[in-house]
Amino acid sequence: MSINNHTIKFTEFEKKVLEIVSTIPLGQTHSYKWVAQKAGRPRAVRAVGQVLKKNPFPLLIPCHRVIKNNGSLGGYSLGCKVKKSLLDLEKFITHS
DNA sequence: ATCATGACTAATG
DNA sequence: CCATTAGCCATGA
């Protein structure tokens, strides 16, 4: 039994974005814009989306905590329903 | 090098 | 509140 030694190639931009998203604490949410800014590319908002869409480890990297600037959900690789559920759950947890 | 692709945003009707 | 629109950008083909 072995785990394939796949080498995942990351772009600097990707690494930065993923890293940043990883820092978002439980129960909190931020916009794609926010991430873009933190990554030093204030306008690369759509690009951020691209990265999150390819997110290798959903759940491990809390990309579900990233929503639109206007407050609406935005998308999610595993489905918006899941995203919403997770956010509700986390809100519930941190609110208890 | 060029082009299409979005998990976006801000502005407008 | 909904629809459309132009601007913007890192990627991959």
Side-chain angles (χ1 to χ4, degrees):
Chain A
M1 199 50 146
S2 69
I3 297 179
N4 298 338
N5 54 342
H6 285 313
T7 297
I8 307 178
K9 163 188 174 185
F10 290 103
T11 306
E12 284 307 311
F13 182 66
E14 287 178 292
K15 280 191 271 188
K16 202 158 226 172
V17 170
L18 296 175
E19 180 201 42
I20 292 173
V21 174
S22 302
T23 71
I24 304 177
L26 187 89
Q28 281 201 222
T29 66
H30 282 299
S31 65
Y32 295 88
K33 188 182 185 181
W34 180 87
V35 178
Q37 289 174 159
K38 274 245 165 193
R41 305 256 99 85
R43 279 153 290 174
V45 183
R46 296 182 92 167
V48 170
Q50 296 291 349
V51 176
L52 296 187
K53 154 167 111 172
K54 298 172 194 163
N55 181 4
F57 321 102
L59 290 178
L60 195 60
I61 296 179
C63 52
H64 58 276
R65 316 231 173 93
V66 184
I67 63 182
K68 289 202 186 182
N69 197 46
N70 58 23
S72 54
L73 266 189
Y76 191 56
S77 55
L78 304 184
C80 302
K81 301 204 64 177
V82 180
K83 183 169 184 177
K84 182 169 170 29
S85 301
L86 288 171
L87 291 176
D88 287 339
L89 174 62
E90 296 189 352
K91 186 171 294 183
F92 172 74
I93 295 177
T94 61
H95 233 281
S96 298

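Naming convention: chains lettered A, B, ... in sequence-line order (proteins, then strands); numbering from 1 in each chain.
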Quick one: closest heavy-atom pair of Ser77(A) and Pro58(A), and the distance?
OG-CG, 4.1 Å
Within residues 14-28 of chain A, those residues having any heavy atom closer than 4.0 Å to DNA chain B are none
Pairs involving residues 9-55 of chain A, ordered by first then second residue, that meet ring-ring contact (aromatic ring centres under 6.0 Å, His included) (sequence neighbours left out)
His30(A)-Trp34(A)
What is the nucleic acid contact for Tyr32(A), judged by heavy atoms within less than 4.0 Å: base, sugar-phosphate only, or nothing?
base
Can you tell me if Lys83(A) uses its side chain to pair, donor with acceptor, with the backbone of Gly75(A) under 3.5 Å?
yes
Please check if Val48(A) and Leu60(A) belong to a single hydrophobic cluster, counting links between Ile, Leu, Val, Met, Phe, Trp and Tyr side chain heavy atoms closer than 4.5 Å.
yes
List the steps, then state whether side-chain contact (heavy atoms from CB on, under 4.5 Å) holds for Ile67(A) with Leu87(A).
CA-CA 10 Å; Ile67(A) 63 182; Leu87(A) 291 176; 4.2 Å; yes
Cluster overlap Ile24(A) with Leu52(A), hydrophobic side-chain contacts below 4.5 Å
yes
Joint hydrophobic cluster, Phe57(A) plus Val66(A), side-chain heavy atoms closer than 4.5 Å:
yes
Hydrophobic cluster (4.5 angstrom, side-chain heavy atoms) - remaining members for Leu59(A):
Tyr76(A), Leu78(A), Val82(A), Leu86(A)
Is the shortest heavy-atom distance from the side chain of Val21(A) to the side chain of Arg65(A) under 4.5 Å?
no
For DNA chain C, determine which residues of residues 47-61 of chain A have any heavy atom closer than 4.0 angstrom to one of its atoms, and list them numerically.
Ala47(A), Lys54(A)
Over all strands shown, is Cys80(A) touching base, sugar-phosphate only, or nothing at heavy-atom distances under 4.0 angstrom?
nothing
In sequence, state the C-alpha distance, the side-chain angles, and the governing distance for Ile61(A) and Glu19(A), and then conclude on side-chain contact (heavy atoms from CB on, under 4.5 Å).
CA-CA 8 Å; Ile61(A) 296 179; Glu19(A) 180 201 42; over 6 Å; no
Between Lys83(A) and Lys33(A), which is nearer to the 5' end of DNA chain B once each is assigned its nearest nucleotide?
Lys83(A)
Does the protein touch nucleotides 1-6 of chain C at the base, only the backbone, or not at all? Give it as B, S and - per nucleotide, heavy atoms under 4.0 Å.
------
Which part of the nucleic acid, if any, lies within reach of Ser77(A) when heavy atoms closer than 4.0 Å are counted: base, sugar-phosphate only, or nothing?
base
Kindly say if Arg43(A) contacts the phosphate of dC9(C), meaning a side-chain N or O under 4.0 Å from OP1 or OP2.
yes
For Lys84(A) and Asp88(A), what are the C-alpha separation, side-chain angles and deciding distance, and is it a side-chain contact (heavy atoms from CB on, under 4.5 Å)?
CA-CA 6 Å; Lys84(A) 182 169 170 29; Asp88(A) 287 339; 3.2 Å; yes
Using atom types as modelled and distance alone, determine if a side-chain donor or acceptor of Lys38(A) lies under 3.5 Å from a backbone N or O of Lys16(A).
no
Determine the minimum heavy-atom distance between Leu18(A) and Ser22(A), stating which atoms define it.
O-OG, 2.7 Å
Just the endpoints, please: which first and last nucleotides of DNA chain B, 5' to 3', lie under 4.0 Å from a heavy atom of chain A?
dT5(B) to dA10(B)
